[in-house]
2 protein chains.
Amino acid sequence: MLRLLRAQSVLEARLSPELGSVHGLGLNELLLLMQLGRAPLHRLRRVDLAARLNTSQSTITRMTAPLEKTGLVKRESDPRDSRVGYVALTKTGRTRVAETEITLQRMAEEIFRDRWSDKDIATLAGLLGRFTATLPGDIA
Amino acid sequence: MLRLLRAQSVLEARLSPELGSVHGLGLNELLLLMQLGRAPLHRLRRVDLAARLNTSQSTITRMTAPLEKTGLVKRESDPRDSRVGYVALTKTGRTRVAETEITLQRMAEEIFRDRWSDKDIATLAGLLGRFTATLPGDIA
DNA sequence: TTAATATACTTGCATGCGGAAGTACATTGC
DNA sequence: GCAATGTACTTCCGCATGCAAGTATATTAA
């Protein structure tokens, strides 16, 4: 179990810098945008987004501010309930996510290429899924 | 692979609060002390400790300061090389680590109890080991 | 209707972290 | 021996984050 904690830090240390330098997005920003990309209408309420990213609402507020400025994301309101603010992917945002996901995919292949069979990967994903299953918006 | 990132945050969210409230140690502090506990003479150079925790040296400096104050850890110097500062577990520190590890063990069992067989756990540990193998001081 | 409670979000504050710069010491090459 | 380089550590600064408090709106109960 302790290995899970360590493995994450190894992985993050490897992924984060390249994503940042190539696409100007932090790993967490990418994960946020990916959640939006998979949501209906490419948008989510801020509370739901926080739950999916297993983080706090205040983090969402602060993370989305710069993304709005760069135009990857925009605010939308709910006519039924004026408390809620949706975070919605813009068209620019969608293309940017797509590009970055390709890079991520390439890096994943690079990491797994050596000693991992497809079966190993599937097994790992399955076992880890038991942890992440408690979260909404689980990602394959 | 994304699941690995999510699984860690789920796990940390579950472990951290209880460890803090029961033993007054953060999860990262415990991991630090555990590394010392497994090292020869119960001590490590600060650089090596940073490498084992996959963190920066400055983090080690800041984390050890409070641990020194509470007497769980003490400084030792190297007569051969006066640049190095060892971080060494005190006797108090050793008993505290032992107590806390028991709590951790209990929590782990609680988490895995339901849907996990011993074989599942072993498989997961093995697969994750491929990531952590690059770090010194890997922990079972 | 109105008061009490619940929900969605933002802001202020404190904490934990990494990186760069600074200091002290050790090692290498001449 | 001494200059140049490398290593161990600390401190400073900025960034990301959670929590608690505050605001605005919605829902529930009387």
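First the proteins, then the strands, lettered A, B, ... as listed; each starts at 1.
Atom CZ of A:R83 is separated from atom P of C:dA8 by 6 Å (rounded to the nearest Å). In this structure, CD of A:Q57 is placed 17 Å from C1' of D:dA16, rounded to the nearest angstrom. Between A:I60 atom CD1 and C:dT7 atom C1' there is a gap of 17 Å when expressed in whole angstrom units. Rounded to a whole Å, the CG atom of A:D78 is 14 Å from the C1' atom of C:dC9. Counting to the nearest Å, the C1' atom of D:dT17 and the CD atom of B:E12 are 11 Å from each other. In this structure, B:M63 atom CE and D:dT11 atom P are separated by 17 Å, rounded to whole Å. Per the geometry, CZ belonging to A:R45 stands 5 Å off P belonging to C:dA8, to the nearest Å. Atoms CG (B:N28) and C1' (C:dT15) sit 12 Å apart, rounded to a whole Å.
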- Does the pair A:Q105 and A:E101 meet the rule for a side chain to side chain donor-acceptor pair (under 3.5 Å), with working shown? CA-CA 6 Å; A:Q105 185 60 35; A:E101 278 197 69; over 6 Å; no
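In this model, the phosphate group of D:dG18 is approached by a side-chain N or O of A:T55 to a distance below 4.0 Å at OP1 or OP2. OP1 and OP2 of D:dA8 both lie 4.0 Å or more from every side-chain N or O belonging to B:R80. Proximity of A:R62 to the phosphate of D:dA16: no side-chain N or O atom is located under 4.0 Å from OP1 or OP2.
Taking 3.5 Å as the limit, the base of C:dG19 and the side chain of B:S58 contain a donor-acceptor pair of atoms between them.
Looking at the side chain of B:S82, the nearest of the listed nucleotides C:dG18, C:dA26, C:dC9 is C:dA26. Of the candidate nucleotides D:dT25, C:dC17, C:dC9, D:dT25 has the atom lying nearest to any side-chain atom of A:D81. The nucleotide whose nearest atom lies closest to any side-chain atom of B:T59 is, among C:dC17, D:dG6, C:dT10, C:dC17.
Side chain of A:T55 to backbone of A:A50: no donor-acceptor contact under 3.5 angstrom is found.
Side-chain atoms of A:R46 and A:T64 form a donor-acceptor pair, as typed in the model, at a separation below 3.5 Å. In this structure, a donor-acceptor pair under 3.5 Å is present between the side chains of B:D120 and B:S117. Between B:S56 and B:T59, the side chains place a donor N or O and an acceptor N or O closer than 3.5 Å (distance only, hydrogens not considered).
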